[in-house]
**Student:** 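Pasting in a structure now, in structure tokens, and then I'll have a few things to ask.
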Amino acid sequence: MVREALQFLSRLRKSPSFPDPLTFNKHIHHLINSSCGVLSLKLLAYLVSRGYTPHRSSFNSIVSFLCKAGQVQFAQDIVRAMPKFGSLPDVVSFNSLINGYCRNGDVGDACLVLERLRVVSVCKPDVVSFNSLFNGFSKKRMLVEVFVYMGVMLKCCSPNVVTYSTWIDAFCKSRELELGLKCLSFMKRDGLTPNVVTFTCLIDGYCKSGGLEVAVSLSEEMRRVGMYMNVVTYSALIDGFCKQGEMQRAEELYSRMREDGVEPNSAVYTALIDGCFKRGDGDNAMKFLAKMLNQGMKLDVAAYGVIVSGLCGSGKVKEAAEVVDEMEKGGLVPDEMILTTMMNGYFKSGRVKDAVKVYGEFIERGFELDVVALSTLIDGFAKSGQLHEAIGYFCKEKANDVMYTVLIDALCKEGDFVEVERLFSKVLVVPDKFMYTSWIAGLCRQGNLVDAFKLKNKMVQEGLELDLLTYTTLINGLASKGLMVEARQVFDEMLRREIIPDVAVFDLLIRAYEKEGDMTAASELLLDMQNRGLVTVVSVEDCSKQCDSEVTCT
């Protein structure tokens, strides 16, 4: 086809006459479909410069090509110039511009084009015009604009299946899932049949928000009406199960997917591998990786990231490093997340020098350290006993509550409360309960209970809710000093605030009462634990010696 178009162009240059508009249009289409769009543009410009009036479809093909290439402003200039060359733009011309602007994320300009089409142009917007615009709104999560243009659309044309599916997608992306379900019911009421895309948008939305049972019921509805799930639908459900730790259901769905003749894609395998690693099942994760590779799939950066994260989380940093090497040999560049994961893995395994090398790679590759990478670096140095280095990497401008908490916790463990106070006075974010709890824990370890309780009162004054960790920290501080009356008062205050105690807080109180020789109080707490269905770490032998005969440990 390209050769035929080039031969046509050669004859054209030698001939004084103009080609038939339909023949010319056919060659323009051939060139664009053969990835020779630039040549088609030159061909059109050459003929127009000689006074030729092409068919409107030729202009529209060029406009569509430019919009897909991201040159929407150039395309708009051509649409505006079309009347000068004897060809008026139609709704197809404007729809290409709307779609082009939305693809580029310029939904404001897309709205202006639609308004021009609606108010100024002789042609009017159709359902394709609005669908492109709604798709742009959906990607930007612009719900207000969706509702505004719903009203505008209903004055011009009726929504179709694509329109409703796009609305549902917009609602689900904005976590307005109930609106998505209502939209589905309105769609059915209007006599339109939902398709696979419609259901998949809802299923994906509910899976990502944790509403797995609703997602499953929607998939069952698809089966009832004889509609088969595609790979995207399966991927959404499997990913949802994996993220909720429901690996058995995820693997059953994977098996059903294969039975239905749907080939798993990289996203499906990546979700399963990630889910297995998070469950601590590295062997099964590797089996799914092997299946993925046996299907001839190449791992992408996301898949490599999941594998590296899983291996590091299992303490297999050496194997993770080998995976990164293999990734680079395959021509893929590790992203910020992979490098941060490796850095964290090296720190946790005590390989500080290797962690610092990864940090060097981070800088060499031109990546800018984000708050996660910086927090990892600071936490790693702090836990390795290199507090000076941790403070050196602290960046006040980028710091968030996590980074402040990491540094404050490290300083408290070192007993440097002067530096903690200085850091608190310069905190650029609102101090949260984790920062205060780290400080309280440090003061309790130092035995400075007065200041610890002052901080606790300050938390209350600032409207911060004390949680189980805060109360446990205070109880531990009091109990370690033998102040059992005060420790029990704090425990009772925690219960009054309806904060449910865990095994740890019971255990430290029981052991403290035993140390004080108050076996009655220890027995009462053991009975309370039994009633709450908690298992104590105190041995059964100890219980039989220390508890009243009627108390039985679980």
Side-chain angles (χ1 to χ4, degrees), residues 138-139 141 143 161 164-188 193-285 287-289 291-292 300 302-303 305-307 309-310 313 337 500 533:
S138 174
K139 288 177 181 175
R141 292 170 172 75
L143 278 193
V161 173
Y164 273 108
S165 298
T166 308
W167 287 346
I168 289 169
D169 186 50
F171 294 141
C172 290
K173 278 187 169 70
S174 299
R175 297 290 188 267
E176 295 290 346
L177 300 172
E178 291 299 319
L179 285 176
L181 279 179
K182 284 182 181 177
C183 201
L184 179 66
S185 65
F186 291 151
M187 181 181 184
K188 294 174 182 175
T193 304
N195 59 19
V196 176
V197 175
T198 315
F199 279 107
T200 300
C201 289
L202 271 170
I203 288 169
D204 184 55
Y206 272 100
C207 284
K208 283 178 177 168
S209 67
L212 287 178
E213 298 315 315
V214 179
V216 169
S217 68
L218 287 165
S219 69
E220 289 169 352
E221 183 180 344
M222 289 178 71
R223 285 189 172 270
R224 282 197 301 273
V225 298
M227 192 181 300
Y228 289 99
M229 296 193 294
N230 61 17
V231 67
V232 181
T233 322
Y234 274 112
S235 177
L237 281 166
I238 289 171
D239 184 61
F241 284 131
C242 290
K243 281 186 167 54
Q244 291 290 317
E246 303 226 24
M247 292 308 299
Q248 184 177 345
R249 294 176 76 180
E251 291 181 32
E252 287 171 358
L253 197 58
Y254 168 79
S255 299
R256 189 204 295 175
M257 179 184 188
R258 301 303 298 266
E259 290 168 7
D260 287 348
V262 180
E263 284 297 313
N265 60 10
S266 178
V268 170
Y269 281 114
T270 301
L272 287 165
I273 292 166
D274 187 42
C276 289
F277 270 127
K278 284 178 178 172
R279 190 178 60 178
D281 189 358
D283 291 341
N284 219 17
K287 286 179 184 177
F288 279 115
L289 175 60
K291 288 180 181 179
M292 183 179 180
D300 56 14
V306 164
I307 295 164
S309 177
M337 189 202 77
I500 300 172

**Student:** Measure the spacing between OG1 of Thr198 and OH of Tyr164 and express it to the nearest 0.5 Å.
**Tutor:** 11.5 Å
**Student:** Could you state the interatomic distance from CD1 (Ile238) to OG1 (Thr270), rounded to the nearest 0.5 Å?
**Tutor:** 11.5 Å
**Student:** Using every non-hydrogen atom in the two residues, find where Cys207 and Leu212 come nearest and quote the distance to one decimal.
**Tutor:** SG-CD2, 4.0 Å
**Student:** Do Lys243 and Asp239 sit within salt-bridge range, that is, some charged N less than 4.0 Å from a carboxylate O?
**Tutor:** yes
**Student:** One pair to check against side-chain contact (heavy atoms from CB on, under 4.5 Å): Val231 and Met257. What are the steps and the verdict?
**Tutor:** CA-CA 8 Å; Val231 67; Met257 179 184 188; 3.6 Å; yes
**Student:** Answer yes or no: is there an ion pair linking Glu251 with Arg279, defined by an N-O contact shorter than 4.0 Å?
**Tutor:** yes
**Student:** I'd like to check Met229 versus Arg256 (side-chain heavy atoms, cut-off strictly below 4.5 Å). Are they in contact?
**Tutor:** yes
**Student:** Got a sec, which residues hit salt bridge (charged side-chain N to carboxylate O under 4.0 Å, His left out) with Glu246, two or more places apart in sequence or on another chain?
**Tutor:** Arg249
**Student:** Mind checking the CZ-CG spacing from Phe277 to Leu289? Nearest 0.5 Å is all I need.
**Tutor:** 8.0 Å
**Student:** Any side-chain to backbone donor/acceptor pair from Ser209 onto Tyr206? Under 3.5 Å, distance only.
**Tutor:** yes
**Student:** If you compare all heavy atoms of Met247 against all heavy atoms of Leu272, which two are closest, and at what distance to 0.1 Å?
**Tutor:** CE-O, 3.8 Å
**Student:** Using atom types as modelled and distance alone, determine if a side-chain donor or acceptor of Ser309 lies under 3.5 Å from a backbone N or O of Val306.
**Tutor:** no
**Student:** Ignoring hydrogens and geometry, is there a side-chain-to-backbone donor-acceptor pair from Asn195 to Val197 under 3.5 Å?
**Tutor:** yes
**Student:** Which pair of heavy atoms, one from Val216 and one from Leu237, lies closest together, and at what distance?
**Tutor:** N-CD2, 4.3 Å
**Student:** Looking only at heavy atoms, what is the nearest atom pair of Met227 and Pro194, with distance?
**Tutor:** CE-O, 3.1 Å
**Student:** Tell me if a side-chain donor or acceptor on Ser235 pairs with a main-chain N or O of Val232 at a distance below 3.5 Å.
**Tutor:** no
**Student:** Considering all heavy atoms of both residues, which atom of Cys201 and which atom of Ser165 are nearest to each other, and what is their separation?
**Tutor:** SG-O, 4.1 Å
**Student:** With sequence neighbours excluded, give me every ring-ring contact (aromatic ring centres under 6.0 Å, His included) pair touching residues 217-275.
**Tutor:** Tyr254-Tyr269, Tyr254-Phe288
**Student:** Just wondering, do Leu202 and Glu221 contact through their side chains at under 4.5 Å, heavy atoms?
**Tutor:** no
**Student:** Could you check whether Lys208 pairs with Asp204 (Lys NZ or Arg NE/NH1/NH2 to Asp/Glu carboxylate O, under 4.0 Å)?
**Tutor:** yes
**Student:** Please report the C-alpha distance between Val262 and Thr233 in whole Å, then the side-chain angles of each, then the deciding distance to 0.1 Å, and finally whether the side-chain contact (heavy atoms from CB on, under 4.5 Å) criterion is met.
**Tutor:** CA-CA 11 Å; Val262 180; Thr233 322; over 6 Å; no
**Student:** Does the side chain of Thr193 come within less than 4.5 Å of Val225's, by heavy atoms?
**Tutor:** no
**Student:** Restricting to non-hydrogen atoms, name the atom on Lys173 and the atom on Ser138 that form the minimum distance, rounded to 0.1 Å.
**Tutor:** CD-O, 3.4 Å
**Student:** So how far is it from Arg175 CZ to Leu143 CG, rounded to the nearest 0.5 Å?
**Tutor:** 12.0 Å
**Student:** With a sphere of 6.0 Å drawn around NZ of Lys188, does it hold more than 12 non-hydrogen atoms of other residues, nucleotides or ligands?
**Tutor:** yes
**Student:** Nearest 0.5 Å please: distance from the CG atom of Leu253 over to the OG atom of Ser219.
**Tutor:** 7.5 Å
**Student:** Can you tell me how far CG of Asp260 sits from CG of Asn230, rounded to the nearest 0.5 angstrom?
**Tutor:** 11.5 Å
